[in-house]
Trainee: 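Got a structure here, written out as structure tokens. Questions coming.
Since the structure is predicted, the reported quantities are computational estimates derived from the model, not experimental observations. Order of listing sets the numbers, starting from 1, for every ligand and every atom in it.
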Amino acid sequence: MINVQNLTFSYQTGLPVFQQFNWLVEKGESWVLLGPSGCGKSTLLYLLAGLRFPNEGQVLINGNMIKRPRPETGLIIQDYGLMPWATVFQNAALGLTIRDFYGPDGKHAPLGAVDDLSQVEFWLERLGLLDVKHKYPDQLSGGQRQRTAIARTLAIHPDLFLMDEPFSSLDAPTRESLQQLVLELWREQNLTLVTVTHSIEEAAILGQKILLLKQPPNTEAQIIHNSQMNQPLFRQTAAYQEVCQDLRERMLI
Ligand code: ADP
Ligand code: MG
């Protein structure tokens with residue numbers, strides 16, 4: 001589904017973050033981008049999202065070169081991007097409303113084209129947010145805010161779901177329950193998932209495959225296969241501990 005070919009990318013000011021970098025993602029896989037701060041995780045996610053563009057090489061999704069953000073790509077940025085002046089319901093409806101208003105090709109659609117807000121209701125219920133749907137973001141817990149961002153993203157029916165450090169500011173029990181929720185949604189919705197994290201434990205839980213990035217320039221994809229993450233109660237297994245230890249050692253190199 002995702003084909004990163006000979007990617008070279010640098011910001012105006014610096015050395016290349018990626019140089020002649022290649023990476024492939026199959027449809028329906030759950031990938032984690034793992035690495036220390038500054039290694040280029042967010043940069044790669046933004047390149048997939050069509051918010052940054054290669055200096056050389058290309059990013060293909062379903063065979064098409066990314067020249068602008070795709071309407072079928074759902075992106076959750078690091079601080080969730082909720083509008084403080086809008087309720088949970090309005091925030092959750094935002095992606096759908098904007099897309100229907102402008103149309104999938106970015107052209108202006110007729111006013112009133114927004115139809116299926118029942119989708120929003122569905123996702124609020126699925127994510128346990130119906131009770132707070134008239135509240136504003138500053139009246140919510142961190143977990144509720146993140147679930148609102150997830151509801152907004154899933155309401156547009158994404159085929160590709162990108163998340164940048166989604167749970168890093170949450171307390172441990174909330175983080176773990178949201179990780180489980182994301183895995184459930186991944187399986188249920190046949191999503192292709194790419195999650196950015198600097199947490200080894202999170203990578204081991206969410207990543208069927210883990211792309212380990214190093215200090216720039218990244219020239220080669222280092223991939224760790226973690227197929228055992230699909231087993232029930234993986235967090236409690238020795239296999240989980242082994243993957244964490246393996247990642248820890250690789251990150252020290
Ligand atoms: P990560 O998400 O892994 O912490 P980033 O992708 O944000 O890393 O950053 C990768 C590198 O690019 C870092 O060296 C960072 O300082 C640099 N960088 C990120 N954003 C910008 C920007 N807007 N302008 C210039 N350099 C940037
Ligand atoms: Mg980042």
Side-chain angles (χ1 to χ4, degrees), residues 2-25 29-61 66-70 73-82 142 145-146 149-150 152-153 158 160-170 174-175 178-179 182 192-224 226 243-244 246-253:
I2 302 173
N3 186 352
V4 173
Q5 281 181 337
N6 296 321
L7 166 70
T8 297
F9 177 87
S10 49
Y11 292 98
Q12 260 130 12
T13 44
L15 291 168
V17 184
F18 294 95
Q19 199 164 26
Q20 294 284 311
F21 186 84
N22 293 288
W23 178 43
L24 284 174
V25 171
E29 288 181 334
S30 174
W31 279 81
V32 163
L33 310 184
L34 174 69
S37 183
C39 68
K41 305 180 294 293
S42 297
T43 302
L44 184 53
L45 204 72
Y46 289 172
L47 283 154
L48 301 182
L51 297 171
R52 301 259 182 224
F53 299 96
N55 301 115
E56 283 170 44
Q58 49 187 358
V59 176
L60 302 166
I61 297 187
I66 295 302
K67 295 183 180 153
R68 66 182 74 85
R70 295 164 75 234
T73 296
L75 170 69
I76 298 187
I77 57 174
Q78 205 163 345
D79 60 1
Y80 321 148
L82 299 181
R145 270 183 228 153
Q146 185 57 294
I150 294 172
R152 178 176 67 197
T153 309
L160 176 61
F161 193 5
L162 310 175
M163 297 192 291
D164 196 353
E165 309 258 6
F167 312 129
S168 51
S169 59
L170 302 175
T174 308
R175 185 184 316 130
L178 281 183
Q179 288 165 345
V182 162
T192 305
L193 190 63
V194 181
T195 310
V196 163
T197 186
H198 59 259
S199 154
I200 285 173
E201 290 75 19
E202 184 155 276
I205 287 297
L206 295 182
Q208 194 179 26
K209 296 185 180 172
I210 298 159
L211 176 64
L212 190 60
L213 297 177
K214 299 278 170 84
Q215 289 306 333
N218 284 285
T219 53
E220 223 174 326
Q222 192 183 159
I223 295 166
I224 294 94
N226 180 29
V243 173
C244 289
D246 179 31
L247 292 173
R248 218 165 271 129
E249 282 165 17
R250 287 171 190 262
M251 281 179 81
L252 286 175
I253 298 168

Trainee: Could you pull out, from G14, S42, P36, P216, the option with a heavy atom nearest to atom 2 (O) of ligand 1?
Mentor: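 The residue whose heavy atom sits nearest atom 2 (O) of ligand 1 is S42.
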
Trainee: For L44 and L7: C-alpha separation, side-chain torsions, deciding distance, then whether side-chain contact (heavy atoms from CB on, under 4.5 Å) applies.
Mentor: CA-CA 10 Å; L44 184 53; L7 166 70; 4.2 Å; yes

Trainee: With backbone taken as N, CA, C and O and side chain as the heavy atoms from C-beta onward, which portion of T43 lies under 4.0 Å from ligand 1: side chain, backbone, both, or neither?
Mentor: both

Trainee: Does the protein place a non-hydrogen atom closer than 4.0 angstrom to atom 14 (O) of ligand 1?
Mentor: yes

Trainee: Would you say the Mg ion (ligand 2) has T43 as a near neighbour, meaning an N/O/S atom of that residue under 2.8 Å away?
Mentor: no

Trainee: So, applying side-chain contact (heavy atoms from CB on, under 4.5 Å) with F161, which one of T73, T192, L193 is it?
Mentor: L193

Trainee: May I ask you to identify, for R52, whether its side chain, its backbone, both or neither come under 4.0 Å of ligand 1 on a heavy-atom basis?
Mentor: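 R52 to ligand 1: side-chain contact only, backbone stays beyond 4.0 Å.
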
Trainee: Sub-3.5 Å donor-acceptor pair from the side chain of N218 to the main-chain atoms of F21, do we have one?
Mentor: no

Trainee: If we ignore hydrogens and angles and just use 3.5 Å, is the side chain of Q5 paired with the main-chain N or O of L60 as donor and acceptor?
Mentor: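 Absent.
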
Trainee: Would you check whether G40 reaches within less than 4.0 Å of ligand 1, judged by its heavy atoms?
Mentor: yes

Trainee: Determine yes or no for a side-chain-to-main-chain donor-acceptor pair under 3.5 angstrom, with N226 supplying the side chain and K209 the backbone.
Mentor: no

Trainee: Within a distance under 4.0 Å of any heavy atom of T13, pick out the atoms of ligand 1 and give their elements.
Mentor: 25 (C)

Trainee: Return yes if some donor-acceptor pair links the side-chain N/O of T8 with the main-chain N/O of Q20 below 3.5 Å, else return no.
Mentor: yes

Trainee: Heavy atoms only: which of Y11, Y46, F18 is nearest to atom 12 (O) of ligand 1?
Mentor: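 The residue whose heavy atom sits nearest atom 12 (O) of ligand 1 is Y11.
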
Trainee: Please report which non-hydrogen protein atom sits nearest to atom 10 (C) of ligand 1, along with the residue it belongs to and the distance in Å to one decimal place.
Mentor: G38 O, 3.4 Å

Trainee: Does ligand 1 have any atom that is closer than 4.0 Å to a heavy atom of C39?
Mentor: yes

Trainee: Strictly distance-based, threshold 3.5 Å: is any side-chain N or O of K41 a donor or acceptor partner for the main-chain N or O of T195?
Mentor: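 Checking the backbone N and O of T195 against the side chain of K41, no donor-acceptor pair under 3.5 Å is found.
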
